[in-house]
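No experiment lies behind these values; they were computed from the predicted model shown. Lettering of chains follows the sequences in order, A, B, ..., and the numbering in each one begins at 1.
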Number of protein chains: 2
Amino acid sequence: MPKGSGLPQPIKVRGVRALEFPVIEQARGSLTYGEYDRHLPFLPKRYFLVFNVPAGEVRGAHAHRSVHQILLCVKGSCAVGLDDGLSRDEVRLDRPDLGLHIPPMVWATQFDYSSDGVLLVLCSDVYNPDEYISDYEEYLKAMRRA
Amino acid sequence: MPKGSGLPQPIKVRGVRALEFPVIEQARGSLTYGEYDRHLPFLPKRYFLVFNVPAGEVRGAHAHRSVHQILLCVKGSCAVGLDDGLSRDEVRLDRPDLGLHIPPMVWATQFDYSSDGVLLVLCSDVYNPDEYISDYEEYLKAMRRA
């Protein structure tokens with residue numbers, strides 16, 4: 001696959017960007033990387049990894065009031081659903097050098113994980129349940145006020 | 001597997017520590033996470049992912065003068081060889097919630113990747129070729145001077 005192929009079209013949800021990370025392919029293996037602030041727009045204070053997700057499960061389904069996230073499917077693939085209250089879009093993450101920067105106040109879901117799928121999420125801040133919006137009606141109200 | 005099983009015995013190489021990250025296992029999938037500074041001893045300024053490593057390949061084989069690293073095998077497994085100039089040890093990373101903190105001035109290799117193995121490395125600083133020591137004799141000399 002030529003480098004840079006498969007980059008999603010401009011994403012129709014406010015502020016969400018696909019990030020193309022460098023990749024070095026060698027006979028002894030492949031490497032992809034990202035650095036602050038050349039490739040990463042924030043210093044990650046938290047990471048999490050999601051794995052062993054059964055087929056048909058939908059995860060996420062919330063927005064963050066203040067936290068930025070970068071999603072990378074580091075093995076296998078998964079789909080990300082995006083919604084800003086006005087527009088919706090869907091991105092398939094299927095290679096470890098394709099990232100998705102999701103800023104605050106975007107409603108996001110993850111679904112259709114391959115059986116070997118592993119999602120890595122880099123977060124701009126530590127876990128704080130108070131900055132989650134997990135009710136879609138509340139999210140829409142907040143977006144209308146904004 | 002009960003939580004906390006399989007943690008390596010105390011590692012016989014100066015300053016290297018196994019890190020046990022939290023893991024949440026649910027019917028809808030598993031999640032493991034790490035935060036600065038509760039679990040991570042530094043804010044990562046760089047990450048890299050290593051994948052598609054052919055069987056039999058050895059990677060790494062260098063020390064860092066100043067950079068700290070945390071190694072996590074986020075899919076499959078790989079082995080890490082460690083050497084401080086006096087003692088050697090070997091750790092197998094085989095679950096995404098088991099990390100290895102390698103401080104500066106430890107000679108490390110990675111080998112025996114499973115065919116699906118993906119290694120995530122979090123680094124305390126951006127890439128700088130000047131802080132690598134890639135010659136083992138030079139490394140031993142630097143350790144004798146220390």
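Only the side chain of B/Val118 has a heavy atom closer than 4.5 Å to any heavy atom of chain A. At a 4.5 Å heavy-atom cutoff, B/Tyr113 makes no contact with chain A through either its backbone or its side chain. Heavy atoms closer than 4.5 Å to chain A are found nowhere in B/Asp125, neither backbone nor side chain. For a residue to count as touching a neighbouring chain, one of its non-hydrogen atoms must lie under 4.5 Å from one of that chain's; by this rule B/Leu122 touches chain A with the side chain only.
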Original post:
Given the rule in the side chain to side chain contact (heavy atoms under 4.5 Å, CB included) test, do B/Val74 and A/Leu120 qualify, once you have shown the distances and angles that lead to the verdict?
Top reply: CA-CA 9 Å; B/Val74 299; A/Leu120 168 64; over 6 Å; no

Original post:
Where do A/Phe51 and B/Lys75 land on the side chain to side chain contact (heavy atoms under 4.5 Å, CB included) test, with the steps shown first?
Top reply: CA-CA 9 Å; A/Phe51 53 103; B/Lys75 180 70 183 175; over 6 Å; no

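Here the OH atom belonging to A/Tyr127 is positioned 9.5 Å from the CD atom belonging to B/Glu35, to the nearest 0.5 angstrom. Rounding to the nearest 0.5 Å gives a distance of 4.5 Å between CG of A/Leu72 and OH of B/Tyr47. Between the CD atom of A/Glu57 and the CD atom of B/Gln26 there is a distance of 9.5 Å, given to the nearest 0.5 Å. To the nearest 0.5 Å, atoms NZ (B/Lys45) and CZ (A/Arg38) are separated by 14.5 Å.
One hydrophobic cluster holds both B/Val50 and B/Leu98 under the rule that ILVMFWY side chains link at heavy-atom gaps under 4.5 Å. A/Phe21 and A/Leu49 end up in the same hydrophobic cluster when Ile, Leu, Val, Met, Phe, Trp and Tyr side chains are linked at under 4.5 Å. Note on A/Leu82: it clusters hydrophobically with A/Leu93, by side-chain heavy-atom contacts below 4.5 Å among ILVMFWY residues. Note on A/Tyr136 and A/Met105: same hydrophobic cluster, where clusters join Ile, Leu, Val, Met, Phe, Trp and Tyr whose side-chain heavy atoms are under 4.5 Å apart, directly or indirectly. Under the 4.5 Å side-chain heavy-atom criterion for ILVMFWY residues, a single connected hydrophobic cluster contains both B/Leu100 and B/Val106.
Here the shortest heavy-atom pairing between B/Gly29 and A/Pro54 reads N-CD, 3.9 Å. Nearest heavy-atom pair across B/Asn52 and A/Ser30 is ND2-OG, 3.9 Å.
A/Leu31 has its side chain within reach of B/Arg59: a pair of non-hydrogen atoms, C-beta onward, lies under 4.5 Å apart.
Residue A/Arg65 qualifies as enclosed at atom CZ: its count of foreign heavy atoms under 6.0 Å is above 12.
Taking A/Val53, A/Ile24, A/Val121, A/Asp37 one by one and counting their heavy-atom pairs under 4.5 Å with chain B, the maximum is reached by A/Val53.
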